[in-house]
Protein chains: 2
Amino acid sequence: MLSIVIIGTGNVAHHLLKTFQKIKDVNVVQVFGRKQSNLVAFDNDVATTTDFGSLKKADMYLIAVSDDVISMVSGHLKDTDALVVHTSGSANLNEIQAKRKGVFYPLQTLSKDTAINFKEVPLCLEASNSEDLGVLNSIAAQLSDSVYSINSEKRKSLHLAAVFVNNFTNHFYHIANTICEKENLSFDILNPLIKETIKKVSELSPKLAQTGPAKRNDVITMQNHLDMLSNSIHKKIYQLVSESIRLTHEEKL
Amino acid sequence: MLSIVIIGTGNVAHHLLKTFQKIKDVNVVQVFGRKQSNLVAFDNDVATTTDFGSLKKADMYLIAVSDDVISMVSGHLKDTDALVVHTSGSANLNEIQAKRKGVFYPLQTLSKDTAINFKEVPLCLEASNSEDLGVLNSIAAQLSDSVYSINSEKRKSLHLAAVFVNNFTNHFYHIANTICEKENLSFDILNPLIKETIKKVSELSPKLAQTGPAKRNDVITMQNHLDMLSNSIHKKIYQLVSESIRLTHEEKL
């Protein structure tokens with residue numbers, strides 16, 4: 001049985017707690033949060049604390065906090081003999097100030113309000129020694145069918161790619177939604193197109209799958225679209241992404 | 001039996017010919033293309049011509065060409081008593097120079113190399129009179145389970161929204177793909193994330209579904225990502241879309 005303390009109260013902490021509680025070999029003994037108010041959602045499931053001095057003893061400390069405070073948080077654990085692990089896509093393994101360091105990065109978009117099938121979440125692992133990588137592997141294999149050992153550099157690239165395919169794509173769904181709302185059109189009418197967009201890239205490379213006015217350099221349609229966008233930053237996005245598509249297909253990029 | 005001449009040889013013409021040939025009440029009698037070389041792919045299936053003077057008589061002319069030449073092409077049909085229809089998302093109904101005008105817009109990304117289930121393609125129809133709208137409706141209903149009567153203004157908005165959810169999203173898949181290739185990572189590792197991104201927006205609004213460094217205004221991670229992008233236009237896209245996400249979530253947009 002591996003005992004774990006989770007440090008952090010955000011989306012990743014929330015989902016990992018739920019998922020760890022479903023497997024036998026792991027026992028989450030405590031969740032740490034800076035603010036009492038953020039711990040309310042956890043209080044029924046596990047012991048909680050707001051005080052680094054009151055962290056329970058555990059085999060592993062799992063730091064699921066913003067990248068910019070990983071180093072500071074791990075500083076509280078620099079003398080522990082336990083394995084100290086962060087869950088970030090972009091922070092280096094060495095940002096952890098502890099003797100035994102690891103990374104346990106779920107390559108997925110996690111929101112508190114959305115259930116997730118962890119079996120399908122790619123888990124990207126790294127550790128400062130092979131024994132600890134083995135520990136992470138044995139936990140990961142119980143959670144997911146897709147477990148990868150990936151070093152910090154490659155993980156950072158994956159995280160950057162993930163920002164494009166998820167964060168930025170989702171923001172474009174938001175922009176499309178505002179365009180539909182303005183005309184009282186249901187966003188649902190776009191669903192078949194959204195589905196086909198992802199189906200296509202399983203069959204063709206994204207470059208070959210590209211269609212639309214920017215690829216055709218259809219200047220009149222693009223100007224009409226710009227005229228329809230009232231928001232100046234959405235206009236700039238339209239121009240820039242269209243230019244990027246055009247240059248890509250003219251092999252200038 | 002409704003006879004149709006298709007004008008154009010691109011992706012839309014290609015898919016509509018294939019689809020029309022599957023239904024009983026429609027007979028595609030000819031395909032027009034400016035260049036003989038573009039007609040080669042059609043020659044085995046249907047009569048073809050490169051000469052406007054040799055267009056066959058038909059009940060309907062379906063113009064599937066670039067938006068900027070719809071008006072010019074339809075000028076060749078201004079004296080016909082047949083229904084003249086374009087397939088564009090953004091061209092106005094009135095760009096057609098003919099007595100009986102219509103629009104038959106498939107809201108889908110169509111590439112020649114990808115098969116499509118037309119039953120799931122939303123068809124957006126418009127016509128200058130209700131009788132012709134009825135004609136278009138009766139054809140559309142045989143092709144698709146999603147048929148909408150939508151005026152030119154709303155159709156243009158839908159097309160603009162479609163550019164964001166398909167063209168721009170697909171380009172971001174391309175950028176992600178280049179990032180993965182550089183590190184010898186398989187693009188497939190991103191598939192669960194891509195799928196979850198679209199699943200989430202069927203459950204939450206895109207605004208609520210947003211996650212990532214830009215939403216959190218995680219400046220360090222964003223700067224790291226910018227340092228990793230070697231292409232200057234990709235850098236600019238990263239900055240601009242991140243700014244748009246941040247402003248949206250600060251309710252400043």
Side-chain angles (χ1 to χ4, degrees), chain A residues 66-68 90 107-109 111 113-114 120-122 154 157-158 160-177 179-180 183 185 189-190 192-194 196-198 200-201 203 206-207 209-212 214 216 218 220-221 224-225 228 233 236-237 240-241 244-245, chain B residues 66-68 90 107-109 111 114 120-122 154 157-158 160-177 179-180 183 185 189-190 192-194 196-198 200-201 203-204 206-207 209-212 214 216 218 220-221 224-225 228 233 236-237 240-241 244-245:
Chain A
S66 297
D67 289 3
D68 51 342
S90 52
L107 176 53
Q108 189 51 281
T109 168
S111 292
D113 299 333
T114 317
E120 293 169 4
V121 176
K154 289 196 179 205
S157 289
L158 266 184
L160 174 58
V163 165
F164 278 92
V165 304
N166 169 265
N167 300 169
F168 289 0
T169 289
N170 184 73
H171 187 58
F172 284 0
Y173 295 164
H174 166 71
I175 295 176
N177 195 30
I179 294 166
C180 288
E183 291 285 341
L185 289 159
I189 193 175
L190 294 169
L193 178 61
I194 289 173
E196 179 65 18
T197 307
I198 76 159
K200 250 173 123 172
V201 290
E203 296 166 13
K207 194 170 169 190
Q210 190 68 51
T211 56
R216 294 193 303 270
D218 179 345
I220 295 173
T221 300
N224 285 337
H225 283 168
M228 289 163 73
I233 197 164
K236 277 191 215 162
I237 288 173
L240 191 61
V241 181
S244 184
I245 292 173
Chain B
S66 295
D67 289 3
D68 51 342
S90 52
L107 176 52
Q108 189 50 280
T109 169
S111 292
T114 318
E120 291 170 5
V121 175
K154 288 195 179 205
S157 289
L158 267 184
L160 174 58
V163 165
F164 277 91
V165 304
N166 169 264
N167 301 168
F168 288 0
T169 289
N170 184 73
H171 186 58
F172 284 0
Y173 295 164
H174 166 71
I175 294 175
N177 195 30
I179 295 166
C180 288
E183 290 285 342
L185 290 158
I189 192 174
L190 295 168
L193 179 61
I194 289 174
E196 180 64 17
T197 307
I198 77 159
K200 251 174 124 171
V201 289
E203 295 166 14
L204 299 173
K207 194 172 167 187
Q210 189 69 51
T211 57
R216 295 192 304 270
D218 179 344
I220 295 173
T221 299
N224 285 338
H225 283 167
M228 289 164 72
I233 197 162
K236 278 191 213 162
I237 288 173
L240 191 60
V241 180
S244 184
I245 292 173

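Quick note: numbers below take in every heavy atom, side chains included, and nothing from hydrogens, waters or symmetry partners. Per chain, numbering begins at 1; letters A, B, ... match sequence-line order. All values reported here derive from a predicted model rather than from experimental measurement.
- A donor-acceptor pair under 3.5 Å is formed between the side chain of B:Gln108 and the backbone N or O of A:Pro192.
- Among B:Leu240, B:Ile194, B:Leu190, the residue with the largest count of heavy-atom pairs under 4.5 Å with chain A is B:Leu240.
- Heavy-atom minimum distance, A:Thr211 versus B:Ser111: CG2-OG, 3.7 Å.
- Heavy-atom pairs under 4.5 Å with chain A were tallied for B:Val201, B:Leu204, B:Ile198, B:Val163; the largest tally goes to B:Ile198.
- Residues B:Ala176 and A:Phe164 approach most closely at CB-CB, 4.5 Å, considering heavy atoms.
- With hydrogens and angles disregarded, no donor-acceptor distance shorter than 3.5 Å links the side chain of B:Lys154 to the backbone of A:Leu185.
- No option in A:Leu158, A:Leu160, A:Val165 other than A:Leu160 meets the side-chain contact (heavy atoms from CB on, under 4.5 Å) test with B:Ile179.
- Heavy atoms of A:Asp67 lying under 4.5 Å from chain B belong to its backbone as well as its side chain.
- Contact count versus chain A (heavy atoms, under 4.5 Å) is highest, among B:Val121, B:Thr221, B:Asp68, for B:Thr221.
- Here the closest heavy-atom approach between residue A:Pro122 and residue B:Ile189 is recorded as CG-O, 3.6 Å.
- Ranked by non-hydrogen atom pairs under 4.5 Å with chain A, the options B:Lys207, B:Gln210, B:Met228 are led by B:Gln210.
- For B:Asn177, the part sitting under 4.5 Å from any heavy atom of chain A is the side chain, from C-beta outward, and nothing else.
- Contact tally against chain B (heavy-atom pairs below 4.5 Å) for A:Asp113, A:Thr169, A:Asp218: the top residue is A:Thr169.
- For A:Ile220, the part lying near chain B is the side chain, with the backbone staying farther off; criterion is any non-hydrogen pair under 4.5 Å.
- The part of A:Ile175 that comes within reach of chain B is its side chain, from C-beta onward, which places non-hydrogen atoms under 4.5 angstrom from that chain.
- By number of non-hydrogen pairs under 4.5 angstrom with chain A, the leading residue of B:Glu183, B:His225, B:His174 is B:His225.
- Looking only at atom types and distance, the side chain of B:Thr197 has a donor-acceptor partner in the side chain of A:Asn166 under 3.5 Å away.
- In this structure, chain A has a heavy atom under 4.5 Å from the side chain of B:Glu203, while its backbone stays farther away.
- Donor-acceptor pairing under 3.5 Å is lacking for the side chains of A:Ser90 and B:Asn224.
- Counting heavy-atom pairs closer than 4.5 Å to chain B, the top-ranked of the candidates A:Arg216, A:Lys200, A:Lys236 is A:Lys200.
- The OG atom of A:Ser244 lies 8.0 Å from the CZ atom of B:Phe172; values are rounded to the nearest 0.5 Å.
- Contact detail for A:Asn167 and B:Gly212: the closest heavy-atom pair is OD1-CA, 3.3 Å.
- Of the listed residues (B:Thr109, B:Thr114, B:Leu107), the one with the most heavy-atom contacts under 4.5 Å to chain A is B:Thr109.
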Derivation of the side chain to side chain contact (heavy atoms under 4.5 Å, CB included) call for A:Val241 and B:His171: CA-CA 8 Å; A:Val241 181; B:His171 186 58; 4.1 Å; yes
